[in-house]
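Fair warning: this is a prediction, and the values are worked out from it, not measured in the lab.
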Amino acid sequence: MTVTCLLYTKLNDLDVLISGSADRSIKLWETKSVGKNEPCFQTIIGCGGTIISMIYVRKSSCLIASSTDKTL
């Protein structure tokens with residue numbers, strides 16, 4: 001997996017890293033588990049290209065990502 005963008009946010013009471021990658025997936029990781037060989041706790045698939053940018057809008061709890069297939 002080649003990570004192309006990384007985002008930190010708080011979801012509920014968890015510190016979360018969100019990674020977008022060249023394999024066209026977005027993965028959510030609890031920061032306490034990073035580096036401990038623990039898997040991500042959620043994977044989002046369905047983008048048609050490499051994830052190139054992401055933003056998390058806390059007010060509406062919405063993650064927006066863009067990819068090389070020119071979609072959001």
Report summary line: Tracing side-chain contacts under 4.5 Å among Ile, Leu, Val, Met, Phe, Trp and Tyr outward from L28 reaches L7, L11, L14, V16, I18, I26, F41, I44, I51, M54, Y56, L63
Report task. Would you name the heavy atoms of S67 and G49 that are closest together and state the gap between them? Result -> CB-O, 3.5 Å
Query raised in the report: By the rule that ILVMFWY residues connect when side-chain heavy atoms come within less than 4.5 angstrom, directly or transitively, which residues belong alongside I45?
Result: none
Query - For S60, all residues meeting side-chain hydrogen bond (donor to acceptor under 3.5 Å, both in side chains), sequence neighbours excluded - result: none
Report task. Go through the structure and list residues passing side-chain hydrogen bond (donor to acceptor under 3.5 Å, both in side chains) with S66, not counting sequence neighbours. Result -> S53
Query raised in the report: Residues two or more places apart in sequence or in another chain: which of them pass salt bridge (Lys or Arg N to Asp or Glu O under 4.0 Å) with D15?
Result: K10
Report summary line: Sorted by chain and number, sequence neighbours left out, side-chain hydrogen bond (donor to acceptor under 3.5 Å, both in side chains) with S19 holds for W29
Query raised in the report: Roughly how far, to the nearest 0.5 Å, is NZ of K70 from CD1 of I52?
Result: 10.0 Å
Query raised in the report: With no hydrogens and no angle check, is any side-chain donor or acceptor of S21 less than 3.5 Å from a backbone partner on T4?
Result: no
